[in-house]
Protein chains: 2
Amino acid sequence: MQCRRALCKRWLHLSGRKSMASSAHLHISSMLSKPQLRKRQFHWTTGYRSRDVEFTHVRYNVQRLGFAAVTTEDIAFFNGLLPGSVVTDPDILEASNVDWLRTMRGRSQLLLRPRTTEEVSQILRYCNSRNLAVNPQGGNTGLVGGSVPVFDEIIISTVQMDNIINFNSTTGVLTCEAGCILENLNNYLEEQDFIMPLDLGSKGSCHIGGNVSTNAGGLRLLRYGSLRGTVLGLEVVLADGAILNCLSSLRKDNTGYDLKQLFIGAEGTLGIITAVSILCPRKSPAVNVALLGCDSFEKILDIFKESKSMLGEILSAFEFLDYSCREVVCEHLKLRNPLQETPFYILIETSGSNDDHDQEKLSHFLEKVMTSGLVADGTVATEENKIKALWALRERITEALVHDGFVYKYDISLPLERFHEIVIDMRNRLGVRAKRVVGYGHLGDGNLHLNIVSPAFDQQLLDSIEPYLYEWIAQHCGSISAEHGLGFKKKNCIYFSKSRAAVHMMQQMKAILDPKGILNPYKTLPAFTQ
Amino acid sequence: MQCRRALCKRWLHLSGRKSMASSAHLHISSMLSKPQLRKRQFHWTTGYRSRDVEFTHVRYNVQRLGFAAVTTEDIAFFNGLLPGSVVTDPDILEASNVDWLRTMRGRSQLLLRPRTTEEVSQILRYCNSRNLAVNPQGGNTGLVGGSVPVFDEIIISTVQMDNIINFNSTTGVLTCEAGCILENLNNYLEEQDFIMPLDLGSKGSCHIGGNVSTNAGGLRLLRYGSLRGTVLGLEVVLADGAILNCLSSLRKDNTGYDLKQLFIGAEGTLGIITAVSILCPRKSPAVNVALLGCDSFEKILDIFKESKSMLGEILSAFEFLDYSCREVVCEHLKLRNPLQETPFYILIETSGSNDDHDQEKLSHFLEKVMTSGLVADGTVATEENKIKALWALRERITEALVHDGFVYKYDISLPLERFHEIVIDMRNRLGVRAKRVVGYGHLGDGNLHLNIVSPAFDQQLLDSIEPYLYEWIAQHCGSISAEHGLGFKKKNCIYFSKSRAAVHMMQQMKAILDPKGILNPYKTLPAFTQ
């Protein structure tokens with residue numbers, strides 16, 4: 001128990017740095033085309049401070065497991081197998097050894113970039129026979145240290161597996177290789193009036209294989225549901241090199257256990273996803289956004305219920321931010337919030353097939369919530385630039401907080417009635433020791449981003465936050481990781497959200513599918529101790 | 001291979017009888033309240049021909065596995081554990097030994113009706129230690145023999161576990177015990193302006209635990225997606241009696257592998273589901289139905305694309321029937337099809353939050369598909385009785401076929417472009433030997449019901465259908481069971497839809513979770529042979 005707590009504390013200390021890297025990266029991604037982006041990423045990761053990051057095994061005092069070390073014979077084998085796709089140049093490797101947040105650093109000396117599933121299969125067959133550990137890597141945009149090696153694991157990147165295999169515009173089913181970048185897929189689909197069922201801040205870099213491996217949530221989950229429902233098929237290479245072909249594009253198939261579900265959210269610890277089949281919705285021609293100010297959190301829940309009733313099938317986002325979020329974006333980013341000052345704000349987005357209908361529904365809804373006193377003030381945007389301006393008040397909170405001080409960041413799920421209680425509780429608990437305690441997030445999904453700011457890192461403040469916060473979440477049946485996964489950093493916190501019996505069963509699955517433990521070791525699950 | 005084919009043939013012969021039983025039962029269910037229904041079911045199953053059904057182990061020549069036999073000491077133990085809930089009366093047991101279709105009959109001498117999860121746990125702990133096999137049973141409405149014993153397995157019924165634990169009208173999350181009848185849940189939700197995300201013909205009898213165990217599809221899948229996305233949590237009792245609590249009501253939780261997915265669709269072979277948490281959508285106040293006649297199947301696919309574009313978020317059903325279906329319901333049930341004679345018909349349903357908007361969208365859509373020549377004739381219903389009359393033309397096909405002769409029934413998934421090809425192929429192949437070959441189903445989900453009629457059972461005709469049909473499905477990457485599962489009858493056909501590697505992995509999962517194989521033996525997976 002002591003060990004677990006220590007690790008959690010450590011993680012939070014580090015996670016405070018993540019916003020800067022993350023927002024910088026996103027900023028770059030949004031401006032550059034794919035070739036530019038790759039070049040820039042390379043430059044960024046090799047040229048800027050990566051070597052200053054402490055080695056993960058040193059920082060976290062991790063013991064290396066008994067895997068074999070890569071030999072010159074191994075490298076010769078891979079050069080024969082993947083001519084031109086074997087990287088041993090330390091400068092290039094640095095980019096893949098360090099995570100986005102620059103909080104983790106492995107010391108892998110070998111990066112492989114296979115082009116086909118068969119190559120991935122041969123790599124794993126060889127590694128399994130040689131007892132060489134591997135680290136699957138997509139866009140390396142993970143936030144919990146799942147995508148970079150801890151020691152000298154061989155990095156297997158999906159970067160060269162970026163072909164679209166098929167898109168059926170009748171069914172909306174897209175089949176593609178795991179290394180396709182999410183934004184590229186979405187752009188491809190938009191040309192045919194479809195969209196991907198998920199959208200993330202890191203869409204300019206993240207790979208669809210990584211999205212599926214981490215069961216990514218994001219902005220469209222409220223409307224289109226989770227990847228557990230929209231992913232129809234997967235192709236996976238198992239630890240021993242066997243190719244498991246579950247790449248169905250059928251919506252219904254009840255023949256035996258649904259094996260692909262095991263690999264969704266397993267963070268590459270059970271197999272390497274090499275191809276994905278996914279159900280894509282039509283693009284909505286009509287989009288409207290409303291920003292509303294409210295006096296109490298109870299009223300927000302009433303508005304949420306009303307929106308589900310009156311906006312029903314066109315509701316596509318229900319985002320929450322409290323007054324402290326308004327303050328921080330106004331203060332540091334000079335954004336203007338057009339509404340009067342209220343304790344809470346919500347941003348509602350509708351997407352539908354008929355703009356007149358949607359505006360009429362939205363108008364009736366707004367009339368009702370304003371005349372009934374649920375909303376104190378509100379504004380609606382129907383033009384693209386105004387929609388963007390309203391979204392900025394929600395989307396740029398993370399960036400603004402970076403300018404505010406040292407940020408302790410948490411991404412949690414809670415029952416809706418408890419959603420904001422923890423923010424108030426934390427404010428009362430920390431008092432003036434915290435410069436700011438803010439709450440925002442995907443209220444429609446029960447996903448709260450709780451961020452606490454102090455002028456500089458403060459161990460005593462952290463001790464007041466944890467493990468108190470995790471225990472509070474566990475007590476109220478929440479999740480300590482809503483969408484980021486466990487990776488390296490949170491694997492020992494799993495017991496705050498899952499029972500020992502459940503974790504034991506997960507460990508059994510791991511033992512069956514990867515008996516030597518070569519796939520992404522040191523991640524997702526605590527060490528198997530019985 | 002010989003063995004597998006023989007089993008498949010056998011099953012089809014039997015499945016021809018299913019419609020009568022099924023439709024009779026549904027008719028009863030729809031008229032009676034829950035207490036009446038239970039009484040009637042009891043009467044039906046004990047009083048009518050159940051004893052005429054041949055024992056499964058005789059009919060299919062199954063060898064009993066080496067489980068212990070129930071002793072008087074065992075019965076004494078269960079009487080102590082579950083006073084008043086232990087059934088040994090042969091007349092009552094008969095109802096649980098025979099399936100809905102009266103095609104399978106076990107010879108269990110012990111039926112247990114636990115009231116709590118703890119009781120289920122104690123039952124399984126005892127059975128596992130004694131090596132006694134068990135047969136979990138919900139509403140006993142399965143169509144592939146998964147819900148009744150093959151030999152003397154102890155039947156564990158969820159019938160007394162029918163409490164609603166919680167419903168949150170803000171989030172729409174319902175949590176209930178596994179024995180709740182689907183229709184009762186839906187009625188409960190409708191009072192609060194919500195609905196269940198699934199709807200089935202057997203809703204008057206089937207249990208939600210059984211629905212989840214068989215990953216039931218049904219009429220609402222097109223709109224609300226599969227149970228893999230809507231089921232948020234499960235409570236499961238494992239073979240050794242351990243209670244696995246994954247009864248989360250959170251929409252997002254990425255802490256480790258998603259274990260509950262293993263039990264969705266596992267047909268009770270990995271654990272017994274005792275409670276379910278499920279995300280329920282709002283009830284749509286506006287419903288409209290259109291019936292359209294078309295000249296070609298290609299035009300139907302164009303209409304489907306157009307409907308997804310123009311009806312988008314309000315499209316809730318896209319059902320298909322061919323001309324032979326029109327003939328059979330008109331001939332045997334005297335239903336009137338208001339449209340002119342065309343080779344194909346489609347039934348489109350919209351559900352939304354604003355009737356004016358929905359009617360306008362539907363009207364624009366119909367104008368487009370009619371003026372562009374995609375539709376030859378069409379009619380729209382907005383009143384409830386007219387909507388029901390149009391739905392009857394689709395929903396009563398199964399019933400009409402029963403009056404037509406011996407029916408060979410198949411429930412398959414196919415890529416949409418192949419959806420009707422197999423119907424034509426089968427007509428050409430069988431020629432005049434088949435009285436009728438009809439195709440209908442959930443086109444929006446790629447789920448085809450292929451039914452072939454002959455005046456009486458004809459082994460030669462069956463030999464012309466199988467294994468040809470299954471091979472055709474496999475060749476075109478379809479599924480031999482879209483939504484009914486594998487159960488006892490189709491377990492050996494799994495290789496037509498899944499690879500040997502995949503089935504092997506499923507068998508490994510089974511071996512971990514139920515090492516003695518006591519949970520629903522002889523079902524879902526072929527015997528583990530290595």
Side-chain angles (χ1 to χ4, degrees), chain A residues 169-171 215 217 225-226 228-229 242 244-246 250-259 261-262 265-266 282 301 304-305 308-310 312-314 352-354 357 361 413 416 445-447 478-486 494 497-499 501-503 505-506 508-509 512 524-525, chain B residues 169-171 215 217 225-226 228-229 242 244-246 249-259 261-262 265-266 282 301 304-305 308-310 312-314 352-354 357 361 413 416 445-447 479-486 494 497-499 501-503 505-506 508-509 512 524-525:
Chain A
S169 63
T170 306
T171 59
N215 189 29
S226 82
R228 306 235 164 246
L244 184 70
N245 185 349
C246 303
L250 304 172
R251 287 200 68 173
K252 285 179 172 174
D253 175 22
N254 276 350
T255 54
Y257 311 152
D258 189 2
L259 295 176
Q261 297 291 342
L262 274 172
R282 293 294 296 227
L301 293 187
F304 182 52
K305 286 176 80 165
K308 287 178 78 175
S309 170
M310 297 185 73
E313 63 276 8
I314 62 167
S353 56
N354 183 309
H357 292 171
K361 283 191 184 82
S413 274
L416 273 193
D445 308 330
N447 185 181
S479 169
I480 59 134
S481 180
E483 52 184 7
H484 294 167
L486 297 172
I494 192 171
S497 288
K498 293 288 157 67
S499 69
V503 175
M505 193 184 295
M506 294 177 202
Q508 286 180 303
M509 300 293 145
I512 279 189
T524 308
L525 299 182
Chain B
S169 63
T170 305
T171 58
N215 189 28
S226 83
R228 306 234 165 247
L244 183 70
N245 186 349
C246 303
S249 58
L250 304 172
R251 287 200 70 173
K252 284 179 173 176
D253 175 23
N254 277 351
T255 53
Y257 311 152
D258 189 3
L259 295 176
Q261 297 290 343
L262 274 173
R282 293 294 296 226
L301 294 187
F304 181 52
K305 286 177 78 164
K308 287 178 77 174
S309 169
M310 296 184 73
E313 64 275 9
I314 63 168
S353 57
N354 183 310
H357 293 170
K361 284 191 183 83
S413 275
L416 273 193
D445 308 330
N447 183 183
S479 169
I480 60 135
S481 181
E483 52 184 8
H484 294 168
L486 298 171
I494 192 171
S497 289
K498 293 287 158 68
S499 69
V503 175
M505 194 185 294
M506 294 178 201
Q508 287 180 301
M509 300 293 146
I512 279 189
T524 309
L525 298 182

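Side-chain atoms are counted along with the backbone in the values below, which use heavy atoms only and exclude waters and symmetry mates. Every chain is numbered from 1, with letters handed out A, B, ... down the list of sequences.
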For Lys308(A) and Arg282(B) the tightest heavy-atom approach is O-CG, 3.6 Å
Between the OG atom in Ser353(B) and the CD atom in Glu313(A), the distance rounded to the nearest 0.5 Å is 3.5 Å
The reported gap from CD in Glu483(B) to CG in Asp445(B) (rounded to nearest 0.5 angstrom) is 8.0 Å
Applying a strict 4.5 Å limit to non-hydrogen atoms, the region of Asn447(B) in contact with chain A is side chain
Counting heavy-atom pairs under 4.5 angstrom with chain A, the leader among Ser309(B), Ser226(B), Gly265(B), Ala502(B) is Ser309(B)
Honestly, the part of Phe304(B) sitting under 4.5 Å from a heavy atom of chain A is side chain
When the 4.5 angstrom heavy-atom criterion is applied to Leu486(B) and chain A, the contacting part is both
d(Met505(A) CE, Leu244(B) CG) to nearest 0.5 Å is 4.5 Å
In this structure, CG of Asn215(A) is separated from OH of Tyr257(B) (nearest 0.5 Å) by 13.5 Å
Of Cys246(A), Gly485(A), Ala501(A), the largest count of non-hydrogen pairs under 4.5 angstrom with chain B goes to Gly485(A)
Scored by heavy-atom pairs under 4.5 Å with chain B, the best of Arg251(A), Met310(A), Met509(A) is Arg251(A)
Turns out that what part of Ala242(B) lies under 4.5 Å from chain A's heavy atoms comes down to neither
Okay, Lys498(A) and chain B: the region with an atom under 4.5 Å from a heavy atom over there is side chain
| message | Do His357(A) and Ile314(A) make a side-chain contact, defined as non-hydrogen atoms from C-beta onward lying under 4.5 Å apart? | response | no
In terms of heavy-atom pairs under 4.5 Å with chain A, the winner among Gly225(B), Gly312(B), Ser481(B) is Ser481(B)
Most heavy-atom pairs under 4.5 Å with chain A, out of Gly229(B), Ala482(B), Gly446(B), belong to Ala482(B)
Counting heavy-atom pairs under 4.5 angstrom with chain A, the leader among Leu416(B), Leu301(B), Asp258(B) is Asp258(B)
If you tally heavy-atom pairs under 4.5 Å between each of Leu525(A), Leu262(A), Leu259(A) and chain B, the highest tally belongs to Leu259(A)
One should read off an interatomic distance between His484(B) NE2 and Asn254(A) CG, to the nearest 0.5 angstrom, of 9.5 Å
Most heavy-atom pairs under 4.5 Å with chain A, out of Ser413(B), Ala266(B), Gly217(B), Ser249(B), belong to Ser413(B)
To the nearest 0.5 Å, atom CD1 of Ile512(A) lies from atom CD1 of Ile512(B) at 2.5 Å
| Residue pair Lys305(B) / Ser169(A), side-chain heavy-atom distance below 4.5 Å | yes
The interface call for Thr524(A) against chain B, heavy-atom contacts under 4.5 Å, is side chain
